[in-house]
Amino acid sequence: MDGNFVIRGDIFFTPEKNKCEMHPDSYLVVKDSRIVCVEKNLSKKYSSLEKHDCSGKLVIPALSDLHVHASQFAFRGLWMDEELLEWLNSHTFPEEEKFADISYARKAYEIFTRQLVRSPSAHACIFATIHKDSTLLLCRMLEEAGLPCYVGKVNMDRNSTPGLSEKTEDSIRETEEYINEVLSSFSLVKPVVTPRFIPSCSDELCRALGELAVKYDLPVQSHLSENLSEVDWVKELCPDSTSYAASYKERGLWGRTKTVMAHCVHSLSREEELLKDENLFIAHCPDSNTNLVSGIMPARYFLDNGYNIGLGSDIAGGVSISLFDAITDAVRVSKLYHRHVDERFAPLTFKEAFFIASKLGGSFFSKTGSFESGYDADILVLDDSSLETPLEGLTVAERVERYVYLNPKGAPEHKICQGKWLF
Ligand code: GUN
Ligand code: FE
């Protein structure tokens, strides 16, 4: 039965940034869709639970994607020779216009949902487009697929293409309608207030969205200090603000409810004190930051100084929906930062990046991403037997690292979200 079971396998998780637990050939006990314990020898009291024998396979926590644009999945891997603002205007906005057509949205979101199901992520914080009806369709698909996600109808009332602009009052009204429809129709999928970024949203719109977040106690997601030309533009748009982060705060869009800001590549020494807030999460999107020539986010600084950070795929700035790729990209770019920017910032280790992608980023959503008692049963089973090697005697942690780096094509062997076996 969903929600109550035992999995036997080689178990791995990272309860702290510098600590991983390995339990070869052990049992993971789940009751009422929550983790109970990991045992080497299964206690009698659990013997009536349904047993899934995954001996020889890796059992790890499912991950959390803190920043992804479902509407951009269609054009992953295209138009990768431009920086952010040019890429938005010449490709991204015209593509997002297509979601006014519900039949196009259906096709595109079916593909996205299918691929997200097959990915290592149990949770995702998702941007759709400005279009209410197609965003509701995406919510329905994710709910039916069994994925606990936050989904935002995007708000944009300035500096966009004519086909992707809202009137301020329509944007506010439709957002409130959207919020009410999602809250009344779905249980796994939740709404998130989604001003695209300061250049796309007038002051009046920002203020109204901040009030909606407080009124319905909803999280806010947006972009912050991603690319230098964007940072300069925000300075022009908000000459009285001391920083980009301050421009959100002054408009009521900062930390009044849980808030996730993607990127923060250029936040250090500009605005980092505002990010040190228990309600603030940073979505680190290393593949996107490389592709759009945004730079390297100093993840080591934020991790060591107690900030809330998670990883994001940022499709289609990033090309891979798999957070396994985000983990290895985060490690790689942290090495470049160490060598080329500041030697005082040590590279991230694999285990630290895994911790960010699982438990730390997951804390935006719920108690997920760990196998400590009381955590949600968000679980992946991985079969590494097809990754041929003559090496013997690898530890469970080494096998997880190798699997994540090699990231074989195809879905995990099994994926369980909040106690429900998706496959
Ligand atoms: N900033 C504003 N919109 C976007 C977007 O769609 N992608 C990225 N990477 N940054 C943005
Ligand atoms: Fe983004």
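Note that ligands are numbered from 1 as they come in the structure, with each ligand's atoms numbered from 1 the same way. Computed over heavy atoms, backbone and side chain alike; hydrogens, waters and symmetry mates excluded.
At least one N/O-N/O distance between Asp314 and ligand 1 falls below 3.5 Å. Considering backbone and side-chain atoms alike, Glu226 places an N or O below 3.5 Å from some N or O of ligand 1. The shortest N or O to N or O distance between Trp87 and ligand 1 is not under 3.5 Å.
Checking Leu228, Asn227, Leu88, Leu292 one by one against Glu83, the side-chain contact (heavy atoms from CB on, under 4.5 Å) holds for a single residue, Asn227. Just one of Phe365, Phe127, Phe281, Phe186 meets the ring pair (Phe, Tyr, Trp, His ring centres under 6.0 Å) condition when paired with Tyr150; it is Phe365.
Proximity of a side-chain donor or acceptor of Arg140 to a complementary backbone N or O of Leu136 within less than 3.5 Å is not detected. With hydrogens and angles ignored, the 3.5 Å screen pairs no side-chain donor or acceptor of Thr113 with any backbone N or O of Glu110.
With 2.8 Å as the limit, Cys285 does not count as an N, O or S neighbour of the Fe ion (ligand 2). When distances to the Fe ion (ligand 2) are checked against a cut-off of 2.8 Å, His223 contributes an N, O or S atom below that limit.
In this structure, atom 6 (O) of ligand 1 lies nearest to the protein heavy atom Arg196 NH2, 2.7 Å.
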Could you go through Tyr248 and Tyr244, starting from their C-alpha distance and side-chain angles, then the distance that decides it, and tell me whether this counts as ring pair (Phe, Tyr, Trp, His ring centres under 6.0 Å)?
CA-CA 7 Å; Tyr248 282 115; Tyr244 193 165; 5.6 Å; yes
Kindly indicate, with the supporting measurements, whether the criterion side-chain hydrogen bond (donor to acceptor under 3.5 Å, both in side chains) is fulfilled by Glu226 and Asn289.
CA-CA 7 Å; Glu226 174 180 4; Asn289 296 157; 4.7 Å; no
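Of the heavy atoms in Glu230, none comes closer than 4.0 Å to ligand 1.
Using a 4.0 Å cut-off to heavy atoms of Leu84, the atoms of ligand 1 that qualify are 8 (C), 10 (N), 11 (C). Taking a cut-off of under 4.0 Å to the non-hydrogen atoms of His263, the atoms of ligand 1 that pass are 9 (N). Short contacts between ligand 1 and Phe197, defined as distances under 4.0 Å to a heavy atom of the residue, involve ligand atoms 1 (N), 2 (C).
At the Fe ion (ligand 2), the vertex angle linking NE2 of His69 with NE2 of His67 is 100° (nearest 10 degrees).
Take the N/O/S atoms of Asp314: the one nearest the Fe ion (ligand 2) is OD1.
Using cut-offs of 30° and 60° for the angle between ring planes, the Phe197 and Trp233 rings count as perpendicular.
Remark: aromatic rings of His340 and His338 are distant, center separation not under 6.0 Å.
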